[in-house]
Structure formats: C-alpha cells, structure tokens
There are 2 protein chains.
Amino acid sequence: MTPMATQKEIARRAGVSVSVVSAVLNGTTHTRMSDETRARIEAAIAEVGYVPNDAARALRRQQAGTIAVVVEKLENPAYKELFHGIYEAAEARGWAVVLGDTVWMRSGSHFLARLLGRGSIDAILLRHDGLIDEEALAHLRARPTPVVLLERQSDPQDPWVAVDDSAAARLATEHLIEFGHTDIAFVGGTAGQPSTARYEGYVAAMNDARLSPREHLFTGFGAESGVRGLTELRSGDVLPTAVVVANVMSAVGLLAAAADAGIDVPRRLSVVGIHDVEIADVVRPSLTTVRLPMRALGVRAVEELSALLSGAPMEPGVIADPPPQVIARSSTAPAPAELTSRSDEL
Amino acid sequence: MTPMATQKEIARRAGVSVSVVSAVLNGTTHTRMSDETRARIEAAIAEVGYVPNDAARALRRQQAGTIAVVVEKLENPAYKELFHGIYEAAEARGWAVVLGDTVWMRSGSHFLARLLGRGSIDAILLRHDGLIDEEALAHLRARPTPVVLLERQSDPQDPWVAVDDSAAARLATEHLIEFGHTDIAFVGGTAGQPSTARYEGYVAAMNDARLSPREHLFTGFGAESGVRGLTELRSGDVLPTAVVVANVMSAVGLLAAAADAGIDVPRRLSVVGIHDVEIADVVRPSLTTVRLPMRALGVRAVEELSALLSGAPMEPGVIADPPPQVIARSSTAPAPAELTSRSDEL
DNA sequence: CTGAAAGCGCTTACAG
DNA sequence: CTGAAAGCGCTTACAG
C-alpha cells in the first residue's frame, strides 16, 4: 500500500491516462471503456489503497461537499435530535457535516477563518440564542457562503427555518391553564430569538384565557438560570402556582431550587420546560415538557440550504408538522385549591 | 465588494503580480517591498473583501490546518470540557477544529470519506467506548492520517492519551469505604475501555480494603443503563449499600430508579458517578462524583497530535495532573449500621 | 474508446 | 525590490 498514491500513480500502473482513472472513480465521463481496461484500473486503485485528495477535488469542482453546523452551547441536549436530522439529510445529499460551537467563532479564530474562507465549507447552518457577537455575524453576512439560521428572524435578510417556539410555549401554558392555574410565570432566556417567540406564545395563551401574563424574567440559559428564576419569583409579592421555563435545563435547575426551598412540586408549584430531552424523564419529580420537532428542523434546514445552493431559495418558515406536543410528567398538577380562590400566601 | 475575488484580481487592481499579493497576505517571502506597493495591495485586498480559498491553500501547502474530533455520543455532558481544551490548544497552534459523532462514521458515509481522504483533515482525535464498528476503525488505521485515541490502549499501536479512569474509580470506591461501606457494587459501561479501567480501579480499592468486589454489571451508557443497573442489583440476593457507576448519566438514571423503588439515597444506598458534570449538581439528591481532568486531556491530546505530525511522537500515557478528585454531594453517606453488621435485608 | 491539456487558486523556489 | 513559472491533485471539455 502506497500511502499517498494519486491518480497519476494509478494511471502509470494501469498504463492509461489520468482521465480514465478519474472516469472510473467518478463515473461521469469516459463511461465507455473496455472491461479489461476498467478491471486493470480498479485493480491498481485497490492495490495502492487510493483515497481522493479532497482539497484538490474541492478546488477543481468549486465545492467542498461539506456543510458546517454551528450552535451555541453544543452540550445542550436539545440538539441531539437536531444533529441527527441534519446528518441524515446531509448524507442523503452527499454532504459531510462538521460541527462547531459559536464561542469558537470569535474574531480572528482559525475556526471562523475556515467558515469565512471559500473552498472547505459550502454552507453554514447557524443556531444561536443571542450570545454570538455581532462582529462575527457581520463577517458571515459579508461572505458569499450561504447561511441558514435555525431560528425565527423578524427581518428575513437571512434565510431561516425554525420550530414553532411560540406554539410550544402556548401549549405549555394551556396545559397549566387546563389544570386550573391562573397565576403563571414565564422564566428564562434572553431578549432575542427564540426566547422571545416563546414568551409571546405564553402571553397569547394567557390573554386567550383572560389571565394576566407576568413579565418575562430574563435569567438566561442552563441550570443556574432556573435557580435564579426561582429566587426572583420568591422575591416577588406572590409566588405563582405554575411556571413555564423557556429552556429545559433551566427547568431542571428550577426544580432543584424548589426542592431546596421546600416548595412542593407539583402540589404547590407546577413546572413545564420547553424541549423534551432525556434528562426530563430522569429527574424526580420528572419534568413535564413540550416536545419540539428538532429532527424535522434539521431536515428542513438542509433542504433550505440545498435550495439556496441551487439558486432557488424556499420560503423561510416555521415547521408545522409535526406540531409541538406536551409530554405530561410529574411536575405539573392541578392548581392548589386554596390558592386559586384567594391568591395569596407564600 | 466582489464576491469571489482571488489574488489574481487583487494583483490586477494593484498592478503587481500574484507573488507579491501572496507575500503581503502571508508575510513569508518577498518581505522587502516598498511601503507604497504594500499599501496599494492592502487597499485592494480590503476593497474586494478578499478571503483565501482554503482548498487551494490546503492543496498547495499539503495541509488543511484542520483537525477532526470524533466522539461517541456527542451529547455526553462530560465532553464539554474536553472540547474546550481541544479547541484552545488547537487554536493556539493555528488549527481549526471540527467535531463529529462516531455514529456518522459508518462505512460509505460522506463524513467518513472526509476523514479518510487527504487534503481536508490533517489529523483525528477519536474517543469511543467500544460502540464503533471495527470496519470503520480498520479504514482509519489503513490511512496515513494520524489518529490519536482518547482512551487507554493495551496494545499501543495507535497513539493515545487518557485520563486516569482507574484512579477515578478507585477514589470513588475509597470514598465509599471511608463511609464504612463493605458491600459495594460496580455498574455500567461495556467490556472495553474506558469502562474496564474503571472497573479495575474499583477492584483494586476493594482488594486493598480486604473487601470482595462484585462482578462488573455491564449495562451500557445513558440513564437507561442506570435504571437497568438498579433492577439487576435488586434482583440479586442482597442489595449492596453502595454503588459506583461507570458513567454519570447512568448514575442519574440509577438515582431516579432508586427514588421510584422507594430506596432511600443516601441512607439505604450511596451512589457515586464518574465524571463531574453540571447535572450532578442539579438532580436531587445531588450526585457525588469524581471529577476527571477532561480539559487537560484535550490539551494533551492536541500536543500529542502536534508531536505526531512533526514526526516526534510522545510517550502515550495517562494524565496525572491534575489528579481525579471526589466531589462529595448528597448521594453518599455512612453505611446504614444495621446492614454493615448483619448484611441481609432487602 | 482513450489521451493531452487546461485550469481551479494558491505558494514558493528561482531569476532578474 | 518584483515577476514568471511550476506544481499541489483533481475534473472536464476537447481532440482524435
């Protein structure tokens, strides 16, 4: 096995020109050749253990066959299904997928350079919750590399696809309302998509039920955010009987904080998290969540990218099918009777 | 801004040859030139918004400046720090990092092709727990692309670095022994690294304390594995008073199963998980863990890769500094007195 | 049915 | 101080 064999070497061994070697490798041109020639070439290919040079191929074809997926907080378990969907759809189209975290995209990083440069990445799928710096975003927009955003954009200068965050929060809220809750809070996220869309869904559900929505408590992401969320709720006049948490890890953090504070979930406080992930099923009490079609989001995103690359951009939009779905577990229950009637007490 | 400007276009605008353009871009050759020329070229570069073509560069330089990191179960929270360490060390050496999951590496995938091919990936960091198929591994080994394994190898034909899994499990076990436990089980993982190393550490600690180790319960990974682990433990004659779990998510799953079964953690059963991740602090009872230097592992792995690429391979080995460390939380407590003396009861 | 040649965009000896 | 040229490994019209 010759480590670095090229088509030239194969051509030499098989006594043909590189054109023919390339032809048997790609099957695009020179399709007609004698079986004997083809066999000789295939033997030589196997003999040297040929692997193509992707850089040369990318340069010549003017496309790398690779797309990048960049998300904020790679460790977010909600991305598991998203990645799977993206991977499957990309493979089906002949693309390799590479992943990265938005924190790697800081100005001047080699990672960013690879995204901005041409030749090694054909397109980018980007999901962020507002923590990415504007400079990096501006860099991206200034490049010809297509970028599809995995979140709703009010100003659709960038193509985007998104799950229905608003509907998800609406469902979560309605689930609580059906349980008789009237004082429901909304906690978590930052000012920006997708948190804002979720808050809007919550407000809509509250308004529909003629209930007063509370202010959006921007506590950020992660378990710590849930802990802070409960602290803020307890520092108010009245502790609500239920809370919608913008993010599943925050919801788990809020659950822990409630346990530590001796607040009984779900009897005194019901909790719903957005995004159904494994951990929701594993904490105690188990967490009621809203399942969002993250896998379908990944598939749609790749389709959008594909359309974009072929010059036929699709309508940006929200994934309607499958719709978000409440997964009821043990963290939600009917509102405590004594509180819904009088609405006081800590 | 001309979307696809090349050095040729810049040279034309500045009235120089591409050699000089390349020189100001890279600063390697043609270092002496008139300030006026340099200024004119820099102006042209800014004017067209030049970005290099990475494929052309990679082809010419015969290196891509990108390393791939492939792990099993991307969603494992223990990787968060590992990725961070790898990223920092790689950036410092001028490499971009791309991530992928081992399940993407199945034969014939475009992702695998990109790893196997030359030109776009200079080297690979690979971590797996035995779930990767041998065929993919054989493919990798047959290529000249350097691979560093992020786990201990008994047969060091591949370079490797690893955290001290054995010491971690030993510490976990000793922590329980200090609490007076004598009947301690070991649950989780598969037959293979790093689970085996952890089991060995457990056995060593038990032997040192003249206690009888139990059999390794191979239940796999993830929360489900912990649930199965508890089921198996309960189906035995005697439920141990403590358990070391090979994997932190499995430990959380075991905690949930214990709660559901009405087994009091930590008063009836103490639980320790390997790997300190955020979730350990957020479940209730919070989970005692052993913290492993995953960030240092990432840094060392990149150093090893760097040495390998420069033809001076380092000694493979275990990261001794910082050493593993027990993070005591609420899932471990002194052994129940009535059980350590009589050792029966369910 | 097969080969010679151009060219993707870059870097780097080499010549002047 | 600057330019012309070769060549990295591939694909693809084009010619025969």
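Naming: A, B, ... by sequence-line order, numbering from 1 per chain.
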Report which part of the nucleic acid A:Gln62 touches: base, sugar-phosphate, or nothing (heavy-atom distance under 4.0 Å, all strands). sugar-phosphate
Find the distance [X]:[atom1] to [N]:[atom2] and express it as a whole number of Å.
X: B:Arg61; N: C:dC8; atom1: CZ; atom2: P; answer: 20 Å
X: A:Lys8; N: D:dT11; atom1: NZ; atom2: C1'; answer: 16 Å
X: A:Leu25; N: D:dC10; atom1: CG; atom2: P; answer: 8 Å
X: B:Arg12; N: D:dG3; atom1: CZ; atom2: P; answer: 15 Å
X: A:Gln63; N: C:dG9; atom1: CD; atom2: C1'; answer: 16 Å
X: A:Asp54; N: D:dC10; atom1: CG; atom2: P; answer: 10 Å
X: B:Asp122; N: D:dC8; atom1: CG; atom2: C1'; answer: 14 Å
X: B:Arg40; N: D:dT2; atom1: CZ; atom2: P; answer: 8 Å

[X] side chain near [N] phosphate (N/O to OP1/OP2, under 4.0 Å):
X: B:Arg57; N: C:dT11; value: yes
X: A:Gln7; N: D:dT11; value: yes
X: B:Ser22; N: C:dT11; value: yes
X: B:Arg118; N: D:dG9; value: no

Residue pair A:Asn53/B:Thr37 against DNA chain D: nearer the 5' end by closest nucleotide is B:Thr37
Nearest-nucleotide 5' precedence on DNA chain D, B:Val18 against A:Pro52: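 Looking at DNA chain D, the more 5' nearest nucleotide goes with B:Val18.
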Which nucleotide sits closest to the side chain of [X]: [options]?
X: B:Leu59; options: C:dA4, D:dC10, C:dG9; answer: C:dG9
X: B:Asn26; options: D:dT11, C:dT11, D:dA4; answer: C:dT11
X: B:Ser17; options: D:dC8, D:dC10, D:dA4; answer: D:dA4

How about B:Phe83 and B:Tyr79: are their ring centroids closer than 6.0 Å?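 Yes, they do, as the ring centres are separated by less than 6.0 Å.
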Does [X] pair with [Y] as a salt bridge, N-O distance under 4.0 Å?
X: B:Glu151; Y: B:Arg127; answer: no
X: A:Arg295; Y: A:Glu81; answer: no
X: A:Arg141; Y: A:Asp158; answer: yes

If the test is side-chain contact (heavy atoms from CB on, under 4.5 Å), which one of A:Leu125, A:Leu115, A:Ile132 qualifies with A:Val70?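 For A:Val70, the side-chain contact (heavy atoms from CB on, under 4.5 Å) check succeeds only for A:Leu115.
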Please give me the minimum heavy-atom distance between A:Gly85 and A:Val299, naming the atom from each residue. O-CG2, 3.7 Å
Please work out whether the ring planes of A:Phe111 and A:Trp104 are parallel, tilted or perpendicular, with thresholds of 30° and 60°. perpendicular
Using Watson-Crick or G-U wobble pairs with both distances under 3.5 Å, give me DNA chain C in dot-bracket, 5' to 3', with [ ] for crossers and | for pairs to another strand. |||.||||||||.|||
Do B:Thr66 and A:Arg114 pair up side chain to side chain, a donor and an acceptor below 3.5 Å, judged on atom types alone? yes
